Amino acid sequence: MNDTPHLPPALATGVGSLPGTDAREAAKAATGSFEDFPHLPELPARGPGADMIGRTAGLLVELYARVEPSGWRIGDRPGRDTRRARSWLGEDLDALEEFTQGYEGLLKVQAVGPWTLAAALELKNGEAALSDPGACRDLAASLAEGLRQHLEEVRRRVPGARLVLQLDEPSLTAVLRGQVRTASGYRTHRVVDRQTVEATLRDVVGVHDGGPVVVHCCAPDVPFALLRRAGVAGISFDFSLLTERDDEVIGEAVEGGTRLFAGVVPGTDAPLSDPAGSVMGVRTLWRRLGLRPGLLPEAVTVTPACGLAGASPGYARSAYAHCVRAARSLADNPE
């Protein structure tokens, strides 16, 4: 799409989550590892409210959520869980601000997208918001306003940054296929119409007015074409889950200017090959698609396959350094 905000070249970044509970250590790792494209870290090990769903629930405007034994449930008023989520986000922003003094360049912030949020947040009856089209609309609108305010806050704290918004949508494929289970576990929720999914995503993407939005989906069968139509500037995915079935849509995405955030480094502790080996699959894909090798550093950002919350702290640091070296290998030797 010609009106999609452009995402300038950036060789490597993280997905979002890191192990541990120390906001300053996490901010130091994210800003120190990725000097050209740091991100706001997430630390789910702190507990409910620091997890992916709770953190984003804390951003919602005029909607609130609390923790129940079955998960996060929408409630009538802000309670302890909402306050905790907002407090931890404030800590993370304080730490990020400390380590980005004078920084000018790309900076990524992450939040859960509208469809994964609708699949995870429960209504008062215990069923997912996904079961109610009206609830989905209300949730998306609340999220959009919350994200607008969040982006303004980050701009105020890091005025030199060019913000990139990442929407985490690990449940998107399941929503499109009707694979999200009901509370009983015996049935699945209805398939949501693809045009509705696309339109809702486009509305939420639109809150970052003039700024690039990336959607991260670490599930198989990422809907590349739908996401591009929704106006995203980049798509983040687990590279190991690609099949040759995806070749055509990936080729179209690259030629249309969509940036690929290729998750090539394992998200949990694993032996790391040499950096060139980690991006060998990317080079192979490029050759298969007949794309110009020199386009690689302009079109691909190297990342871990998913968040690193389940990794050891030592591995997380190594994985970030490995992403940077692998990206440099891709840029220096694209053939």
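The basis for the numbers below is simple: all heavy atoms, side chains too, and nothing from hydrogens, waters or symmetry mates. Since the structure is predicted, the reported quantities are computational estimates derived from the model, not experimental observations.
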Requested in this report: Give the C-alpha distance, both sets of side-chain angles, the deciding distance and a yes or no for side chain to side chain contact (heavy atoms under 4.5 Å, CB included) between Tyr320 and Leu308.
Outcome: CA-CA 10 Å; Tyr320 274 9; Leu308 295 173; 3.4 Å; yes
Query raised in the report: Do other residues, nucleotides or ligands put more than 12 heavy atoms under 6.0 Å from Gln179 CD?
Result: yes
Query raised in the report: Got more than 12 heavy atoms from elsewhere within 6.0 Å of CZ, Arg80?
Result: no
Requested in this report: Quick one: do Arg55 and Asp168 satisfy salt bridge (charged side-chain N to carboxylate O under 4.0 Å, His left out)? Show the steps, please.
Outcome: CA-CA 12 Å; Arg55 185 179 181 89; Asp168 292 321; over 6 Å; no
Query raised in the report: Between Ser236 and Gln166, is a side chain to side chain donor-acceptor pair (under 3.5 Å) present by the stated rule, with each step listed?
Result: CA-CA 9 Å; Ser236 171; Gln166 176 179 303; 4.9 Å; no
Requested in this report: Assess whether atom CZ of Arg245 is packed by more than 12 heavy atoms of other residues, nucleotides or ligands within 6.0 Å.
Outcome: no
Query raised in the report: Hey, what's the ring geometry for Phe37 with Phe261, parallel, tilted or perpendicular (30° and 60° as the breaks)?
Result: perpendicular
**Report entry** salt bridge (charged side-chain N to carboxylate O under 4.0 Å, His left out) between Arg202 and Glu198, worked out
**Finding:** CA-CA 6 Å; Arg202 189 181 302 112; Glu198 183 185 321; 2.5 Å; yes
Query raised in the report: With hydrophobic residues grouped by side-chain heavy-atom distances under 4.5 Å, do Phe99 and Leu40 end up in a single group?
Result: no
Query raised in the report: If you draw a 6.0 Å radius around CZ in Arg155, do more than 12 non-hydrogen atoms from other residues or ligands fall strictly inside?
Result: yes
Query - Chi angles and distances behind the side chain to side chain contact (heavy atoms under 4.5 Å, CB included) call for Glu127, His189 - result: CA-CA 9 Å; Glu127 287 296 350; His189 291 290; 3.4 Å; yes
Query - Donor-acceptor pair, side chain of Thr188 and main chain of Gly178, under 3.5 angstrom - result: yes
**Report entry** Asp269 and Ser312: side chain donor to acceptor below 3.5 Å
**Finding:** yes
Query raised in the report: Side chains of Gln149 and Glu153: do they bring a donor and an acceptor to under 3.5 Å?
Result: no
Query raised in the report: Salt bridge check: are Asp94 and Arg157 linked by an N-O gap of less than 4.0 Å?
Result: yes
